[in-house]
Amino acid sequence: MAPKLNSDIIVDVIEATIRVLVDTGLTRDEALQVMLSQIAVQVSPDVMQIATKLAEKYNHDFDQVKWHR
């Protein structure tokens, strides 16, 4: 069995994916929408409800981050 990914690795993978999508010409928001649309159709509605609650609670914090390359 493969070792579990820790949160730092997951964040790094997501950020790298966003950067690749941005390099193709998408905005950061568009890149996030592409990723979210794929995630949304692959997880259960219960998981999406949890994700929605997290977004409502923490989106403002992430919105304030200055993302550097």
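Side-chain atoms are counted along with the backbone in the values below, which use heavy atoms only and exclude waters and symmetry mates.
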Exercise answer: donor-acceptor pairs, residues 33-43 side-chain atoms, under 3.5 Å, sequence neighbours excluded:
unit_1 : atom_1 : unit_2 : atom_2 : d
Ser37  : OG     : Gln33  : O      : 3.4
Ser37  : OG     : Val34  : O      : 2.8
Gln42  : NE2    : Gln38  : O      : 3.3

Atom of Asn6, atom of Asp8 and distance for their closest heavy-atom approach
OD1-N, 3.0 Å
So CG of Leu32 and CG of Leu26: to nearest 0.5 Å the spacing works out to 10.0 Å
Could you give the side-chain donor-acceptor pairs of residues 44-58 under 3.5 Å, partners two or more places apart or in another chain?
unit_1 : atom_1 : unit_2 : atom_2 : d
Ser44  : OG     : Val47  : N      : 3.3
Thr52  : OG1    : Met48  : O      : 2.9

Where do Arg28 and Ile18 come nearest, in terms of heavy atoms and distance?
NH1-CG2, 3.4 Å
